[in-house]
Amino acid sequence: MSRIAFVNGRYVPHGQAVIHIEDRGYQFADGVYEVCEVREGHIVDERRHLERLSRSLGELRISPPMSPKALGFVLRETVRLNRVREGLLYLQVTRGVARREHAFPSAGTRPGLVVTARTRDRAKAETLAEAGIAVITLADNRWERVDIKTIALVPNVLARQAAREAGAGEAWFVDKEGFVTEGAASNAWIVTREGALVTRPAESGILRGITRTVVFEVAAASQLKVEERAFRVSEALEAREAFVTAATQIVMPVIKIDGTPVADGKPGAVSRALRARFHEAAEIGD
Ligand code: PDD
């Protein structure tokens with residue numbers, strides 16, 4: 001089946017989907033993005049993703065490419081045209097096309113918008129979650145505004161590649177004080193010996209993950225205690241469980257950190273239960 005992408009106002013065959021060489025996303029990584037899960041043909045947590053997109057755009061002073069309502073239509077249409085039942089939706093907004101000059105282009109420059117959707121094998125994802133993933137840790141070398149979901153992801157790319165080369169599924173960034181910030185493309189969590197969930201406050205050093213927000217709700221509904229505080233790698237190694245959250249991974253158990261098993265080295269019961277219950281709390285579109 002041929003894939004279709006939405007590019008600057010048109011639905012085009014994926015292979016012919018192109019943007020201008022002077023798009024500021026291409027030249028300066030001057031743009032923002034979102035990734036949503038698609039489940040049974042529906043976009044998961046669209047409202048929250050569009051709210052975060054709007055915040056990211058505001059922080060970078062990029063104009064919205066269209067109204068939230070129109071954008072919602074384009075997102076659903078892209079899912080439909082690609083016949084995605086289980087998969088991922090990607091959207092990216094850049095400051096548009098202009099002659100290369102660091103400062104903002106003229107006010108009338110239209111933001112660029114790209115939307116793609118692709119199918120993913122849910123059974124494969126579940127098999128991976130049953131096994132869990134290993135993580136490695138690395139010094140956090142990103143800029144301070146990681147709360148903005150920008151497409152400037154080179155440190156994240158290098159971190160994820162380092163993880164892959166080490167046979168791990170994710171890399172955890174660690175700040176100068178030795179506290180874990182987040183993963184290359186996920187938020188980081190542990191479950192203490194007492195059974196409390198611990199994750200870093202979203203006020204500094206991390207992206208406020210939508211999956212993270214929904215997991216707070218699942219935890220509350222499951223009578224689990226959540227402590228929003230930073231934790232060290234040493235505390236994670238003493239923890240009963242560890243896991244990561246992201247739209248692409250939902251709740252993914254972490255079974256090893258820098259080669260050392262977390263507890264018995266198997267996905268923990270709390271992580272598994274949060275994963276199983278996640279979609280009860282998530283908002284699934286119609
Ligand atoms: N990334 N932190 C970072 C650095 C991320 O890139 C992501 C997600 C998250 C989790 O956010 P959410 O729960 O809203 O997906 C946290 C996406 C999935 C990506 O870049 O592919």
Side-chain angles (χ1 to χ4, degrees), residues 25 29 31-39 43-57 59 75 86-93 114-118 120 125 128-129 133 135-164 169-175 179-189 197 199-219 226 228 230 242-252 254 271 274-275 278-279 281-284:
V32 300
Y33 77 107
E34 284 294 329
V35 180
C36 306
E37 183 197 7
V38 178
R39 197 172 170 91
I43 300 169
V44 178
D45 288 315
E46 176 186 324
R47 179 187 62 85
R48 290 181 170 111
H49 282 280
L50 290 187
E51 274 176 19
R52 186 173 63 187
L53 176 75
S54 158
R55 178 182 181 276
S56 296
L57 288 169
E59 292 297 312
L75 298 184
E86 306 295 330
L88 295 172
L89 180 67
Y90 177 80
L91 84 122
Q92 171 173 313
V93 182
V114 168
V115 182
T116 58
R118 69 178 163 94
R120 244 186 5 163
L128 182 63
I133 59 165
V135 302
I136 59 164
T137 63
L138 293 170
D140 199 334
N141 56 359
R142 300 174 299 162
W143 75 329
E144 278 178 13
R145 297 305 311 277
V146 293
D147 57 301
I148 307 171
K149 200 162 171 59
T150 80
I151 57 173
L153 292 171
V154 177
N156 311 59
V157 166
L158 295 179
R160 188 55 85 80
Q161 180 61 21
R164 179 185 286 180
E170 180 59 301
W172 278 1
F173 288 121
V174 178
D175 70 15
F179 292 100
V180 173
T181 53
E182 62 181 337
S186 60
N187 289 120
W189 300 68
L197 305 185
T199 197
R200 189 175 173 111
E203 277 63 44
S204 81
I206 70 164
L207 177 77
R208 189 185 293 275
I210 305 298
T211 318
R212 174 184 178 280
T213 300
V214 175
V215 165
F216 279 111
E217 291 184 12
V218 184
V226 182
E228 246 184 307
F243 62 91
V244 295
T245 55
T248 46
Q249 318 220 49
I250 315 302
V251 175
M252 178 59 70
V254 168
S271 321
L274 290 170
R275 183 181 179 87
F278 179 83
H279 294 94
E283 293 174 4
I284 320 263

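The basis for the numbers below is simple: all heavy atoms, side chains too, and nothing from hydrogens, waters or symmetry mates. Whatever order the structure lists them in is the order used to number ligands and atoms, beginning at 1. The residues of the chain are indexed from 1 along the displayed sequence.
Side-chain atoms of V32 and E59, non-hydrogen and from C-beta on, never get closer than 4.5 Å to each other.
Between R55 and E51 there is no salt bridge, since no side-chain nitrogen of the basic residue lies less than 4.0 Å from a carboxylate oxygen of the acidic one. We find that R212 and E228 are joined by a salt bridge, their nearest charged nitrogen and carboxylate oxygen being less than 4.0 Å apart. R145 has a carboxylate O that lies under 4.0 Å from a charged side-chain N of D147, or vice versa, which qualifies the two as a salt bridge.
A side-chain donor from one of E170 and S186 sits under 3.5 Å from a side-chain acceptor of the other.
Listed by chain and residue number, Y90 satisfy the ring-ring contact (aromatic ring centres under 6.0 Å, His included) test with Y33 (two or more places apart in sequence, or in another chain).
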Please tabulate, one line per pair, the protein N or O atoms found under 3.5 Å from any N or O atom of ligand 1, giving the distance to one decimal.
residue: ligand 1; atom: 1 (N); partner: K149; partner atom: NZ; Å: 3.1
residue: ligand 1; atom: 2 (N); partner: E182; partner atom: OE1; Å: 2.7
residue: ligand 1; atom: 13 (O); partner: I210; partner atom: N; Å: 3.3
residue: ligand 1; atom: 13 (O); partner: T211; partner atom: N; Å: 2.9
residue: ligand 1; atom: 13 (O); partner: T211; partner atom: OG1; Å: 2.6
residue: ligand 1; atom: 14 (O); partner: R52; partner atom: NH1; Å: 2.9
residue: ligand 1; atom: 14 (O); partner: R52; partner atom: NH2; Å: 2.9
residue: ligand 1; atom: 14 (O); partner: I210; partner atom: N; Å: 2.8
residue: ligand 1; atom: 15 (O); partner: A247; partner atom: N; Å: 2.8
residue: ligand 1; atom: 20 (O); partner: Y33; partner atom: OH; Å: 2.6

